[in-house]
> 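First the structure, then my questions, so here it is.
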Amino acid sequence: MLAFVKKKAGFGGELLKWLEPSIQNPNEVLIEVKACGICGSDVHFYEWPEEMEAQLSKAITFPRVLGHEVAGILREVGSQAKDFKVGDQVVCETWGGCGLCYYCRLGRFNHCLYQKRIGQKADGGMAKYVVVPSLSLYKIPENLSFNEGAVVEPLGVALHAFERCHFKAGDDMVIIGPGPIGLLGAMIAQAMGVGKLFVLGLDVDADRLQVASSLGAKSLDITRDDYQGIILGATEGKGVDLVLDVSGGKDSIPIALKLIKQGGEILEVGIGPVFPFDYVELVRKEAILIGSYRRLPSTWMRAINLIASKKVDVRPVMTHLLPLEKTREGFETLRQRKGLKVILNP
Ligand SMILES: [Zn+2]
Ligand SMILES: [Zn+2]
């Protein structure tokens with residue numbers, strides 16, 4: 001089969017003829033991949049930026065088929081995967097949890113101590129087939145397309161952030177970063193009854209900010225607009241209840257601290273190089289800084305419900321649908337910050 005493989009550290013990845021995987025354990029299933037999104041983390045693996053080298057080297061082993069935003073059809077089902085059958089339409093978690101470690105026993109599979117995530121420590125979904133443990137699987141209903149299915153994983157990242165904070169209907173909110181997770185966050189915020197919603201981006205994000213505006217947010221370009229004046233002006237000088245940072249940028253937390261009201265919450269989802277910030281401002285404002293990492297099984301179920309019930313329409317982020325043969329073009333598109341979600345159809 002054809003697969004997009006990263007063979008070693010450094011820039012790039014290649015389309016190669018790869019051995020078709022088969023299930024090795026009775027708890028595993030074989031998925032025929034119908035759609036696989038390219039994630040921001042895949043772009044990090046592809047680009048291999050020097051400042052992230054230490055983080056990336058720990059996260060992946062080689063050679064590796066990339067891709068974890070998978071939707072497809074079950075073609076083989078191990079004897080222990082009792083809740084599933086051949087032909088089921090599914091999406092899958094990057095690592096469903098070992099089910100046995102301390103965190104798995106607490107139900108916090110996202111903190112499993114023995115993670116072997118697809119696209120990193122096990123072969124991923126940028127291929128015709130992928131093998132995963134059945135603990136990773138979620139069925140999707142008929143009215144959800146495979147391409148929408150590939151967006152459940154990033155939607156889950158945004159949704160889990162809302163599970164981590166104390167957002168209430170009517171709260172005012174800022175989202176820093178108009179990429180796919182930020183815009184999916186804006187969709188969830190609207191579905192949950194956000195008050196005033198602001199989305200911040202850079203001049204290179206003009207197209208993405210336009211999508212944010214179409215979702216009912218006030219879009220601001222921080223390189224050009226007086227975003228602080230506008231947001232404080234719109235909130236009687238107090239600032240907003242919640243800032244969600246999905247960019248992990250150098251100035252994100254300093255900006256969040258300027259825009260948050262006293263006692264407000266800053267949700268950090270972004271992962272990138274590490275930057276210091278002025279924590280005294282956090283102390284003075286009694287602001288609460290919350291980390292949010294991946295998702296829980298319940299997040300998957302709720303994310304699927306949100307799309308299936310049409311409360312959240314993820315189609316505006318699905319900007320590029322490409323055959324697997326054009327994977328490299330997909331990566332290059334995202335490197336130039338063009339489009340939002342590139343979805344590969346093997
Ligand atoms: Zn992802
Ligand atoms: Zn575990």
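Counting starts at 1 for both ligands and their atoms, in listed order. Positions are given from 1, in the same order as the sequence printed here.
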> Could you check whether any side-chain N or O of Asp245 sits under 3.5 Å from a backbone N or O of Glu268, counting only pairs where one atom can act as donor and the other as acceptor?
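Not a single qualifying donor-acceptor pair exists.
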> About how many Å separate CD1 of Ile38 and CD of Glu69, when rounded to the nearest 0.5 Å?
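Those atoms lie 9.0 Å apart.
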> Inside 2.8 Å of the Zn ion (ligand 2) but strictly below it, how many protein N/O/S atoms are present?
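Protein N, O or S neighbours of the Zn ion (ligand 2) under 2.8 Å, waters not counted, come to 4.
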> Within this structure, what is the CE-OG distance for the pair Met52 and Ser57, rounded to the nearest 0.5 Å?
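OG of Ser57 is found 10.5 Å from CE of Met52.
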> Are the side chain of Asp313 and the backbone of Arg315 linked by a donor-acceptor contact shorter than 3.5 Å?
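Present.
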> Return all side-chain donor-acceptor pairs below 3.5 angstrom for residues 229-239, not counting sequence neighbours, or 'none' if the list is empty.
unit_1, atom_1, unit_2, atom_2, d
Thr235, OG1, Ile231, O, 2.8
Thr235, OG1, Leu232, O, 3.3
Thr235, OG1, Gly239, N, 3.0
Glu236, OE1, Lys238, NZ, 2.7

> By the definition side-chain hydrogen bond (donor to acceptor under 3.5 Å, both in side chains), identify the one residue from His160, Glu153, Glu163 that meets it with Arg295.
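Exactly one candidate clears the test, Glu153.
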> List the residues meeting side chain to side chain donor-acceptor pair (under 3.5 Å) with Ser41, not counting sequence neighbours, and say none if there are none.
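With neighbours one apart ignored, the set is empty.
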> Would you find a donor on one side and an acceptor on the other, under 3.5 Å apart, between the side chain of Asn345 and the backbone of Lys34?
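Yes; at least one donor-acceptor contact below 3.5 Å.
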> Using a distance threshold of 2.8 Å, what protein N/O/S atoms lie below it relative to the Zn ion (ligand 1)?
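Protein N, O or S atoms closer than 2.8 Å to the Zn ion (ligand 1): Cys39 SG, His68 NE2, Glu69 OE2, Glu153 OE1.
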> Between Lys128 and Glu20, is the closest basic N to carboxylate O distance under 4.0 Å?
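Between Lys128 and Glu20 there is no salt bridge, as every charged N stays at least 4.0 Å from the carboxylate O atoms.
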